[in-house]
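A quick write-up on the structure given underneath.
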2 protein chains.
Amino acid sequence: AQAAPPELNQLPAIRWRLASSFPKSLDIIYGAAETLSKRVAALTGGKFKIRVFAGGELVPGLQVLDAVGNGTAECGHSAGYYYVGKNLALAFDTAMPFGLTARQQNAWMYAGGGIEALRALYAKYNVLQFPGGNTGTQMGGWFRKPIKSMADLRGLKMRIPGIGGQIMAKLGAVPQTLPGGDIYPALERGALDAAEWVGPYDDEKLGFHKIAKHYYYPGWWEGGPQLSFYVNQVSWKALPEQYRQAFEVATAEANQLMLAQYDAKNPPALLRLAGQGVKLHPFPKDVMLAARRATFELYEAEAKTNPDFAAIYRPWKLFRDTQFQWFKVAEAAYSNFNYYVK
Amino acid sequence: AQAAPPELNQLPAIRWRLASSFPKSLDIIYGAAETLSKRVAALTGGKFKIRVFAGGELVPGLQVLDAVGNGTAECGHSAGYYYVGKNLALAFDTAMPFGLTARQQNAWMYAGGGIEALRALYAKYNVLQFPGGNTGTQMGGWFRKPIKSMADLRGLKMRIPGIGGQIMAKLGAVPQTLPGGDIYPALERGALDAAEWVGPYDDEKLGFHKIAKHYYYPGWWEGGPQLSFYVNQVSWKALPEQYRQAFEVATAEANQLMLAQYDAKNPPALLRLAGQGVKLHPFPKDVMLAARRATFELYEAEAKTNPDFAAIYRPWKLFRDTQFQWFKVAEAAYSNFNYYVK
């Protein structure tokens with residue numbers, strides 16, 4: 001064996017803290033940060049250690065962007081669309097209603113200019129972003145009564161945060177923002193008529209099916225929501241190149257693994273829910289059409305007043321439209337034959 | 001900085017050779033091995049170097065499994081279904097007709113028991129397997145004349161290797177196995193009536209659209225074909241743990257990146273081809289139905305005589321069926337609305 005090169009001997013012991021936005025109960029999402037931490041340690045002979053804190057342990061779950069930007073934590077795991085109050089363009093980092101699927105989001109991020117576009121935006125918050133997991137298309141949520149047309153949305157009190165909630169409001173519903181643990185009691189006492197959360201695997205744990213039997217799809221506001229890892233820009237600059245490589249490659253692995261885990265665990269959960277009397281329904285076509293119309297009205301209006309949004313939206317929209325023209329050919333024809341043709 | 005732990009100082013300089021099955025002209029697929037090599041070097045301070053050889057440089061492209069198994073190369077990049085002559089069960093590592101999509105393959109591999117099942121099989125060949133890229137659903141190929149029904153397959157000379165070719169033969173076609181570079185001249189002089197290759201991005205480079213204008217979809221024999229990295233078992237055991245970690249995480253990254261690159265590059269290629277008069281057609285329904293019937297007859301027959309096949313096929317089939325029950329709900333409803341509903 002040759003002698004180790006100087007830079008390898010001189011690699012320092014480094015300890016980082018990772019502020020997650022997520023509770024441990026969302027085990028697949030929370031687990032992505034643990035996946036990252038373990039792999040980075042193993043890649044660096046245990047010298048670069050990242051300690052993971054669940055949402056609320058270090059900072060509240062919805063303050064992770066600030067915490068990483070100001071150095072309270074060197075890194076974090078969160079979702080851009082939690083911070084649309086700062087800038088609606090941050091939602092491109094997670095999911096846009098009627099936007100990209102998980103695969104299309106990866107294509108945009110890793111090979112279509114997405115990472116570059118988002119990093120230019122996050123730099124304003126002193127943060128570097130890495131894709132950090134995806135749930136796949138989420139479900140549309142749990143409804144106490146069936147939704148047969150647009151008329152049934154009028155006055156409907158639904159737990160749905162973010163842009164999805166803004167669109168639902170345009171459609172006549174009354175969106176609510178509640179943390180996961182508060183949804184079940186609100187549904188139970190009738191303070192909510194409906195609630196969306198994630199998909200079968202996570203929803204089952206919260207027990208919504210015991211109160212609201214009508215389970216709608218798809219979650220058109222979350223066709224392929226991506227989580228992200230954040231790193232403080234100053235901390236990143238101070239990191240040896242070999243550790244940067246370890247961190248970056250570990251985020252890529254975590255991004256892929258989360259989707260694989262959801263895809264493996266959602267199907268049996270769906271079958272268990274169906275066995276308990278849950279009724280699956282697609283959203284009515286008039287609701288889908290009205291939602292899409294309202295969505296693109298919102299995008300166009302935002303692009304007129306928010307240059308950050310416009311800078312990402314225009315190329316993103318072109319990328320999306322071109323993706324759809326290809327995916328409708330081989331990929332969708334193959335899947336649709338397998339799923340629907342007996 | 002603390003002193004480096006002993007194991008880090010003692011990490012040896014290691015040089016491996018990687019035998020790829022692929023030519024450099026398949027730049028995205030060939031590039032996955034370069035992605036792996038660069039990342040592994042960067043993760044190990046340049047001490048673990050992997051030199052990539054294109055198909056034919058070190059060994060012929062279809063002999064990579066043997067070359068890695070016998071130590072001619074320490075590692076390789078290939079596709080399990082090239083070796084169905086040894087064992088049809090190796091095709092589960094790539095693609096089975098009417099089998100998993102790319103996302104479903106990842107779910108099976110990383111979170112559904114797939115890697116464990118395939119590694120038990122590859123151990124017979126002295127090889128350790130890692131998922132190493134995916135093209136997404138491929139196209140069904142280029143046809144000189146339209147295929148309107150089963151009758152048009154009778155006697156059709158088509159370049160289609162592997163299990164897809166076996167099924168095509170059951171449907172009355174005459175499958176041919178030709179390397180990529182020989183397809184165009186054979187189509188031109190009429191020795192072939194049709195040929196499948198990959199998808200728009202790769203097909204465009206070979207120019208099939210200049211001779212055969214009818215471009216069919218989907219490639220029902222390759223719904224989500226996965227490439228794999230192979231490592232010689234003895235070489236793997238001799239590798240320090242930190243290098244194993246580097247290799248493994250780099251394969252995961254390469255697996256994800258290849259799909260993202262295909263998904264980013266196929267859509268504009270499809271639009272360019274359409275601009276040159278290419279006619280897109282779905283395979284007729286009777287062809288799809290007959291192909292699926294023949295496919296599962298082949299699987300059931302093989303499972304009766306090949307215990308390796310049966311051991312993987314039974315749980316794989318259950319996994320596949322359950323995947324389809326979930327993917328048809330949120331994911332397909334979302335995609336189909338986006339792609340087809342105006």
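We use all heavy atoms of the structure for the numbers below, so side chains are in, but hydrogens, waters and symmetry mates are not. Computed from a predicted model, the values in this text were never measured in an experiment. Numbers restart at 1 for each chain; the letters A, B, ... are given by sequence-line order, proteins then strands.
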When you compare the side chain of [Y] with that of [X], does any pair of heavy atoms fall below 4.5 Å?
X: V341(B); Y: M288(A); answer: no
X: L259(A); Y: N106(B); answer: no
X: M139(A); Y: V329(B); answer: yes
X: K328(B); Y: N338(A); answer: no

Task: Choice from P200(A), G140(A), G219(A), G112(A) maximising heavy atom contacts with chain B below 4.5 Å - done: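 If we count pairs closer than 4.5 Å to chain B, P200(A) comes out on top.
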Under a 4.5 Å heavy-atom cut-off, does chain A meet the side chain of [X], its backbone, both or neither?
X: Y340(B); answer: side chain
X: R244(B); answer: neither
X: K342(B); answer: backbone
X: S335(B); answer: side chain
X: N336(B); answer: side chain
X: L271(B); answer: side chain

Open item on the list: Need one label for L270(A): side chain, backbone, both or neither, based on atoms under 4.5 Å from any heavy atom in chain B.
Closed with: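 Answer is side chain: those atoms of L270(A) sit under 4.5 Å from chain B.
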Task: Contact origin within I14(A) toward chain B - heavy atom pairs under 4.5 Å - done: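 Neither part, no heavy atoms under 4.5 Å.
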Open item on the list: For E34(B), give me all partners under side chain to side chain contact (heavy atoms under 4.5 Å, CB included), at least two apart in sequence or on another chain.
Closed with: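 Residues passing side chain to side chain contact (heavy atoms under 4.5 Å, CB included) with E34(B): Y30(B), V52(B).
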- [ ] Indicate yes or no for a side-chain donor-acceptor contact from E331(B) to the backbone of T137(A) under 3.5 Å, with no hydrogens or angles considered.
- [x]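 Checked: pair present.
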Open item on the list: Between Q256(A) and Q256(B) (side chain of the first, backbone of the second, donor and acceptor by atom type, cut-off under 3.5 Å), is there such a pair?
Closed with: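 Between the backbone of Q256(B) and the side chain of Q256(A) there is a qualifying donor-acceptor contact (under 3.5 Å).
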Open item on the list: I'd like to know whether the aromatic ring centres of F337(B) and F98(A) sit less than 6.0 Å apart in this structure.
Closed with: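 Yes, they do, as the ring centres are separated by less than 6.0 Å.
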Open item on the list: Is it true that Q104(A) and D263(B) share a donor-acceptor pair across their side chains at a distance under 3.5 Å?
Closed with: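 Checked: D263(B)/Q104(A) side chains show no N/O donor-acceptor pair below 3.5 Å.
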Task: Any side-chain donor near an acceptor of the partner, Q261(B) and Y110(A), under 3.5 Å - done: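 Result is no, nothing qualifies.
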